[in-house]
Amino acid sequence: MNNIINFSNVSVIRDNKKILKDINIDINANENIIILGPNGSGKSTFLKLLTRQIYPSYTDDNTICKVCDQTVWDISALRHLMGIVSNDMQYDFNFEITGYETVLSGFFGSIGLFTNHKVTDTMIEKAKQMIDFLEISHLQNKYMNIMSAGENKKFLIARALVSEPKILVLDEPTNNLDIAASKKLKIILQKIIAHKTNVICITHQVSDIIPEISRIIMFKDGQVFRDGVVNEVLTSKNLSSLFNIDVELMKNQEGYLII
């Protein structure tokens, strides 16, 4: 399957206002992408379209809104194609559930494990493999509500990956993380990409861009502002226009930053 996302003339309206305006985006397999934009630019709404939480507000003969070549998805089936770590999940899992149980819950798409869930030996083995892969086995019996934000995030990523999705979608991945935790998370993302799972990262942070990212799509005022390869689109001029403030882009060994 070459085409993961195919959006053409897609709009979303809320309270008589177009939150997304005639979006045209194609995302192919093997692309690692940053969706970059300020708060209120339409990034979160775009994420909900990806995850099929919402659909376009209206359609006509020119509207296409497909994920993995399908217009309508059963959410449980979509988990095997797309792993999701949204910003809200850290709040959803802020209770006495262990990291290990959190990872297992990914097989069921649930917030926790329940008596009707039948955990198989295969699920247990896959959960342990993913926990080992992310190097968090020493934390697996710790409750999510007493973990650091960085620890919590790693288990949510493991939860998203147990179904072996083709693509991992991350919403503001370094939100609430300190410098050390952010750096460790980016190393984990590099490891995930190296093992042939592609990443779409939705963020307002230029510092979230790692070398493996091949494409950047900038959102502004509900529209695609710029779209292209990172070294062409990510410029001081474009960032200044995107965030409506004069900034200078700098690059060092750690990645990108703006001043």
>> Please check if the number of heavy atoms outside K191 that lie under 6.0 Å from its NZ is greater than 12.
In response: yes
> Any chance CG of N116 has more than 12 other-residue heavy atoms, nucleotides or ligands included, within less than 6.0 Å?
Replying inline: yes
> Where do I84 and M89 come nearest, in terms of heavy atoms and distance?
Replying inline: O-CE, 3.3 Å
>> side-chain contact (heavy atoms from CB on, under 4.5 Å), that's the test. Do V206 and L36 meet it? Break it down for me.
In response: CA-CA 8 Å; V206 170; L36 181 71; 4.2 Å; yes
>> Just to verify, which of D26, N24, L49 counts as forming a side chain to side chain contact (heavy atoms under 4.5 Å, CB included) with F7?
In response: L49
> Going by distance alone, is a donor N or O of one side chain under 3.5 Å from an acceptor N or O of the other, for N62 and N9?
Replying inline: no
> Same hydrophobic cluster for I19 and M218, using side-chain heavy-atom links shorter than 4.5 Å among ILVMFWY?
Replying inline: no
> Any side-chain donor paired with an acceptor under 3.5 Å for T51 and Q53?
Replying inline: yes
> Can you check whether R14 reaches I54 side chain to side chain, under 4.5 Å on heavy atoms?
Replying inline: yes
>> Would you say I187 ends up clustered with I193 if hydrophobic residues are merged whenever their side chains have heavy atoms under 4.5 Å apart, either directly or through other cluster members?
In response: no
> Rounded to the nearest 0.5 Å, how far apart are CG of N152 and CZ of F93?
Replying inline: 9.0 Å
> Which heavy-atom pair separates E96 from Y143 by the least distance, and what is that distance?
Replying inline: C-CD2, 3.5 Å
> Can N198 and N32 be counted as having a side-chain donor-acceptor contact under 3.5 angstrom?
Replying inline: yes
> Could you walk me through whether F155 and L139 pass the side-chain contact (heavy atoms from CB on, under 4.5 Å) check?
Replying inline: CA-CA 9 Å; F155 278 100; L139 297 168; 3.6 Å; yes
> Side chain of E151, backbone of S148: donor and acceptor closer than 3.5 Å?
Replying inline: yes
>> Counting only heavy atoms from other residues, nucleotides and ligands, does the tally under 6.0 Å from NZ of K183 exceed 12?
In response: no
> Can you name the closest pair of heavy atoms from V233 and N238 and give their distance?
Replying inline: O-ND2, 2.8 Å
>> Exactly one of L161, V103, T102, L170 should register a side chain to side chain contact (heavy atoms under 4.5 Å, CB included) with L156. Which one does?
In response: T102
> Is the backbone N or O of E101 less than 3.5 Å from a side-chain atom of T98, with the two atoms forming a donor-acceptor pair by type?
Replying inline: yes
> Centroid-to-centroid, F114 to F108, below 6.0 Å?
Replying inline: no
> Does the D178 side chain pair with the main chain of A180, one donor and one acceptor, at a distance under 3.5 Å?
Replying inline: yes
> Above 12 or not: heavy atoms from other molecules or residues under 6.0 Å from CD1 of I179?
Replying inline: no
>> When you group the ILVMFWY residues by side-chain heavy-atom contacts below 4.5 Å and let the links chain together, are I259 and L249 in the same group?
In response: no
> Any idea which heavy atoms bring F225 and S241 closest together, and the distance?
Replying inline: CZ-CB, 3.5 Å
> Is there a donor in the side chain of N176 and an acceptor in the side chain of K153, or the other way round, less than 3.5 Å apart?
Replying inline: no
>> If you compare all heavy atoms of I97 against all heavy atoms of G112, which two are closest, and at what distance to 0.1 Å?
In response: CD1-CA, 3.5 Å
> Are the charged groups of D171 and K43 less than 4.0 angstrom apart, N to O?
Replying inline: no
> Looking at I157 and V85, what are the two nearest heavy atoms and their distance?
Replying inline: CA-CG2, 3.8 Å
>> Return the CD1 to CZ distance between I111 and R159, rounded to the nearest 0.5 Å.
In response: 5.0 Å
>> Within the supplied structure, the quantity of interest is the number of heavy atoms (other residues, nucleotides, ligands) at a distance under 6.0 Å from K48 NZ; does it exceed 12?
In response: no
>> Within a 6.0 Å radius of atom CG on N252, are there more than 12 heavy atoms belonging to other residues, nucleotides or ligands?
In response: yes
> Quick one: are K126 and E164 in side-chain contact, heavy atoms under 4.5 Å?
Replying inline: yes
> Got a second to check how far E172's CD is from I35's CD1, nearest 0.5 Å?
Replying inline: 11.5 Å
> Would N244 and K220 count as a side-chain contact (heavy atoms from CB on, under 4.5 Å) if you check the C-alpha gap in whole Å, the side-chain angles of each, and the deciding distance to 0.1 Å?
Replying inline: CA-CA 10 Å; N244 294 321; K220 183 177 182 179; 3.0 Å; yes
> Are the side chain of S163 and the backbone N or O of P165 linked by a donor-acceptor pair below 3.5 Å?
Replying inline: no
> Between the side chains of D22 and S11, is a donor N or O closer than 3.5 angstrom to an acceptor N or O?
Replying inline: yes
